[in-house]
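The sequence lines fix the lettering, A, B, ..., with proteins before strands; numbering per chain opens at 1. Being a predicted model, the structure only gives us computed values, none of them experimental.
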Amino acid sequence: MILHEFMTFEVLRVIWWLLLGVLLIGFALTDGFDMGVGALLPFVGKTDTERRIVINTIGPVWEGNQVWFILGGGAIFAAWPPLYAVSFSGFYLAMFLVLAALILRPVGFKYRSKREGAAWRRNWDWALFVGGAVPALIFGVAVGNVLQGVPFHITPDLLMPRYDGNAIMKLLLLLNPFALLAGVVSLSMLLMHGAAWLGLKTEGAVQQRAQKIGTVAGIVAAVAYALAGVWLAFGIKGYQIVGEVVKDGPSNPLLSEVTHGGSWMQAYSDRPWIVIAPVLAFFGIGMAVLGLRKGKEVSTLLWSKLGITGIISSVGLTMFPFILPSTVDPNSSLTVWDSSSSHLTLFVMLICAIIFVPIILAYTAWVYKVLWGKVTEEELETNAQSY
Amino acid sequence: MEFGLVELSRLQFAMTAMYHFLFVPLTLGLSIIVAIMETVYVMTGRPIWRQMTKFWATLFGINFVLGVATGITMEFQFGMNWSYYSHYVGDIFGAPLAIEGLMAFFMEATFVGLMFFGWDKMSKVAHMIVTWLVAIGSNFSALWILIANGWMQNPVGAEFNPDSMRMEMTNFFDVVFNEVAQAKFVHTVSAGYVTASVFVLGVSSWYLLKGRHTELARRSIAIAAAFGLASAFSVVILGDESGYNATHTQKMKLAAIEGMWETQEAPASFTLVGIPDREARETHYAIHIPYAMGLIGTRSLTDQIPGVDQLVAEANEKIRSGIIAYDALMTIREQRDATPAEVRATFEEHSADLGFAMLLKRYVDDPRQATDEQIAMAADDTVPGVGPLFWAFRLMVALGFSFIAVMLYFFYRASFRGMKFPRWALRLGVIIIPTPWIAAELGWFVAEFGRQPWTVDGVLPTALSASHLSITDLLITLAGFVIFYTVLFIIEMGLMIKYIKKGPYIDVAETDEWMKRHEARLSADDATLKPAE
């Protein structure tokens with residue numbers, strides 16, 4: 001195994017930081033509209049048939065979409081093990097809520113229409129609402145907390161991750177005002193995205209209701225995102241690596257010195273080009289909102305995707321090279337340079353990604369092509385396997 | 001580490017993993033059975049096979065979704081509850097999990113939607129290919145998960161890096177072609193095939209007993225018995241292969257399973273039944289089969305299989321060697337690049353035993369301060385619970401052989417007795433439906449409980465692997481999982497029973513009118529063939 005020496009450790013780390021972003025964005029763009037649709041379900045579908053149409057727009061694709069989430073988890077584990085170890089155990093109860101919601105959701109899709117009873121179906125409709133809205137909110141809350149830093153430290157002897165505080169308090173502290181604002185951004189952005197999807201896949205009353213709610217959600221997303229930006233600039237301290245930055249050293253977060261001070265916005269004077277991310281975010285959302293108002297279908301979904309890509313990449317680009325800063329012990333903060341897998345593992349995983357990601361994209365595109373078109377009442381009747 | 005935290009974490013992991021594995025084996029096997037049925041449909045064009053495909057696919061779908069849903073928990077639980085484990089071995093263990101997503105799970109999950117929604121949207125052959133891709137994806141998933149698990153049993157292709165304080169991969173191919181993983185993979189998927197075969201056979205038997213859907217039921221039994229027979233042999237043969245691997249990779253697990261306290265002269269006898277007694281270091285009322293163990297375990301007449309006592313003595317030595325490694329490691333951690341070369345050399349020499357020194361962490365913060373008594377206790381900890389392993393293993397094996405007998409019988413009746421089955425056999429077919437699940441869960445119990453006290457054999461003790469959570473955290477999630485999973489289980493069983501009772505259906509897409517409309521797309525003889533009886 002000498003082949004991996006052809007790419008430096010530093011380059012591989014940056015590539016995997018980018019791939020981490022690609023996976024998160026892939027998750028938000030695909031599973032994101034599933035979550036949005038779930039959260040919109042009780043409001044855009046009034047009759048049982050309408051709700052079945054809504055569910056069947058995502059019925060054939062949610063399983064594939066959800067794999068972006070699973071793969072995101074797997075890729076973090078493989079490429080950024082310290083991040084996987086610290087964040088998932090640190091956000092323990094929040095993670096549990098996300099898991100519960102995400103387990104409820106597939107079961108809801110599959111089981112809801114397998115029985116006739118009105119109460120049975122109504123309960124599953126609310127389960128689908130929770131399964132869509134709760135993760136959409138919590139993911140934003142998590143990002144809000146990451147930007148503020150998280151109270152963890154790594155023990156000096158064995159590099160054991162420790163997260164301070166008791167169970168309930170840890171959960172409540174996550175729900176601080178800035179994090180909740182970030183949660184509003186993610187929830188409203190995915191509602192907009194779900195509405196754009198329904199605009200494409202449905203017609204008539206459902207489509208109109210979705211586009212109406214989506215317009216409002218898009219405006220809320222843009223305003224909340226702008227507010228969060230202002231708050232981040234003036235109300236939240238950033239992190240900086242002090243002294244020499246070793247980019248190809250061993251993955252041991254404690255080896256670098258970090259200060260908690262200054263502003264995250266420093267990044268925009270260090271790397272002015274990154275301003276493109278928030279610009280795309282506002283532009284994409286703006287165009288999506290216009291599209292929803294005018295009833296445009298395909299282009300609206302694409303603009304919505306652009307907006308979401310802008311929002312998510314702006315967070316990553318602003319924080320670079322930090323991935324998970326620590327409030328209680330800044331030196332424990334995880335950065336791109338000190339919390340990756342080994343040189344060899346990153347290389348092997350990169351090869352796997354180069355082989356498989358294009359294949360995945362190709363067959364996913366084919367599946368969407370086969371399923372292209374509106375979901376109609378007639379289709380529900382002819383396919384006994386529909387939800 | 002707070003008292004009880006590790007135990008609660010283990011309980012939660014065991015519970016969620018075993019629950020997940022209620023759905024996985026059926027997914028693995030039924031996906032293939034459905035694909036076989038659809039292939040027969042495409043080849044013969046007979047509508048009965050289409051109906052069979054759709055019927056079993058409906059049951060597959062109800063089961064599949066919970067397999068997927070509970071699999072999410074598994075992917076994230078390592079980080080949530082086993083954070084030090086994740087840090088310590090994530091460099092190796094994470095890779096197969098991620099590749100599973102990239103190569104297998106993505107394929108399976110993307111196509112499963114089309115499998116249900118694509119019947120009218122593509123040609124017959126294209127749909128059949130989609131069904132096969134789901135089956136292949138599911139089975140490839142199992143491959144990568146078992147490569148990950150196989151590495152926990154036999155950690156090859158990795159070494160400890162003192163600078164990042166963790167295990168790091170040295171050879172990816174060693175990890176992938178780990179003999180333990182490969183044997184486990186075939187053993188596990190075969191167990192899944194047996195599970196699905198018994199399920200299909202049992203449900204069909206019930207229909208025959210009730211005199212309902214007999215055409216579908218007979219054909220289903222024929223498929224299930226043939227597929228199940230081959231799989232039942234495969235399970236037993238690869239189970240034997242796993243046992244053979246264990247004689248050189250996991251000696252302690254093997255000795256514990258066999259209740260073999262002292263090293264016997266080769267070839268050792270196999271203890272058929274008995275009551276293992278840890279205190280007395282003896283298996284009471286044992287019935288032995290001479291030579292059998294030595295032959296199965298070593299495939300030779302002369303190789304010895306070490307007993308528990310001998311292995312404990314060896315563990316004692318390894319702990320002492322591990323302490324030397326730990327001491328050198330602490331020097332390296334302090335002095336980093338200034339570490340004298342001889343300290344590095346000492347570390348290299350003893351680093352394979354570092355995990356054994358970590359066993360002492362249960363008793364003393366700094367393993368270097370351990371007393372002889374503590375070392376002896378830690379060495380004794382390397383013996384897993386012999387009694388439960390001994391019995392779980394025997395029950396699993398007995399079930400494995402009984403599946404061969406059942407499948408042989410049904411295969412014989414289906415092939416040579418004109419698919420006529422006596423009522424007692426059909427009743428038996430219904431009664432045994434739960435048994436493959438019991439066998440599969442016992443198998444995982446033997447594999448994982450038998451690996452204790454390690455999460456990664458010889459590398460990282462379980463006690464050290466758990467996240468530093470509070471007991472409250474664990475109690476909340478444990479209660480949450482129990483309630484949530486129980487409700488889901490009841491719902492799932494309810495739906496399964498409902499759809500089994502309902503039986504196959506003629507959906508709109510199979511009526512004459514629909515057939516006429518789609519004649520051009522379907523193969524010509526599809527619509528003209530009379531529906532079978």
Donor-acceptor under 3.5 Å (B/Asp91 side chain, A/Ser341 main chain): no

Determine, stepwise, if the pair B/His468 / A/Tyr163 fulfils side chain to side chain contact (heavy atoms under 4.5 Å, CB included). CA-CA 7 Å; B/His468 194 75; A/Tyr163 198 91; over 6 Å; no

Contact class of B/Val130 relative to chain A, heavy atoms under 4.5 angstrom: side chain

Answer with side chain, backbone, both or neither: which region of B/Met358 has an atom nearer than 4.5 Å to a non-hydrogen atom of chain A? side chain

We want to know whether B/Thr477 and A/Tyr92 form a side-chain donor-acceptor pair, criterion being a heavy-atom distance below 3.5 angstrom. yes

Ranking A/Trp62, A/Trp80, A/Trp366 by heavy-atom pairs under 4.5 Å to chain B gives rank one to A/Trp366

Between A/Tyr84 and B/Phe93, ring centroids under 6.0 Å: no

Chain B: which of A/Gly90, A/Pro156, A/Pro81 shares the most heavy-atom pairs with it under 4.5 Å? A/Pro81

Could you tell me whether A/Tyr368 atom OH has more than 12 heavy atoms of other residues or ligands within 6.0 Å of it? yes

Run B/Phe111 and A/Tyr363 through ring pair (Phe, Tyr, Trp, His ring centres under 6.0 Å) and show every step you take. CA-CA 9 Å; B/Phe111 287 111; A/Tyr363 63 64; 5.1 Å; yes

What orientation do A/Phe69 and B/Phe76 show, parallel under 30°, tilted 30 to 60°, or perpendicular over 60°? parallel

Of the listed residues (A/Leu71, A/Leu104, A/Val61), which shares the most heavy-atom pairs with chain B below a 4.5 Å separation? A/Leu71

At a heavy-atom distance under 4.5 Å, which candidate from A/Leu99, A/Leu158, A/Leu83, A/Leu254 has the highest pair count against chain B? A/Leu158

Do the rings of A/Phe96 and B/Phe481 sit parallel, tilted or perpendicular, given the 30° and 60° boundaries? perpendicular

Honestly, the part of B/Phe105 sitting under 4.5 Å from a heavy atom of chain A is both

Among the listed options B/Asn81, B/Leu97, B/Asp473, the residue most often paired with chain A at heavy-atom distances under 4.5 Å: B/Asp473

Would you mind checking which part of B/Ile62 comes under 4.5 Å of any heavy atom in chain A, side chain (CB onward), backbone (N, CA, C, O), both or neither? both

Side-chain donor or acceptor of A/Glu63 paired with backbone N/O of B/Val112 under 3.5 Å: no

Which pair of non-hydrogen atoms, one from B/Ala98 and one from A/Ala78, has the smallest distance, and what is that distance? CB-CB, 3.9 Å

What are the two closest non-hydrogen atoms of A/Ile360 and B/Leu102, and how far apart are they? CD1-O, 3.2 Å

Please answer whether the main-chain N or O of A/Ser89 pairs with a side-chain N or O of B/Ser83 as donor and acceptor at a distance below 3.5 Å. no

Measure the CG-CG distance between B/Leu114 and A/Leu371 for me, rounded to the nearest 0.5 Å. 5.0 Å

Would you confirm whether B/Lys498, through its side chain, and A/Lys114, through its main-chain N or O, come within 3.5 Å as a donor-acceptor pair? yes

Measuring only between side-chain heavy atoms, which start at C-beta, is A/Ser251 closer than 4.5 Å to B/Arg166? yes

In terms of heavy-atom contacts, does CZ of B/Phe140 have more than 12 from other residues, nucleotides or ligands at under 6.0 Å? no

Would you name the heavy atoms of A/Ile103 and B/Ala69 that are closest together and state the gap between them? CG1-O, 3.3 Å

Does the Lys NZ or Arg CZ of A/Lys110 fall within the cation-pi geometry relative to B/Phe64 - under 6.0 Å from the ring centre and within 45° of the axis? no

For chain A, which of B/Glu100, B/Glu108, B/Glu492 has the most heavy-atom pairs under 4.5 Å? B/Glu492

Sort out for me which of A/Lys170, A/His343, A/Arg105 touches chain B most, counting heavy-atom pairs under 4.5 Å. A/Lys170

How close do A/Ser342 and B/Glu168 get, heavy atom to heavy atom, and via which atoms? CB-OE1, 3.5 Å

In terms of heavy-atom pairs under 4.5 Å, which option from A/Ala75, A/Ala100, A/Ala353 contacts chain B the most? A/Ala100

Have B/Ser164 and A/Asn252 got a donor and an acceptor in their side chains that come within less than 3.5 Å? no

Out of B/Ser86, B/Ala126, B/Gly494, return the one with the most heavy atom pairs under 4.5 angstrom to chain A. B/Ser86

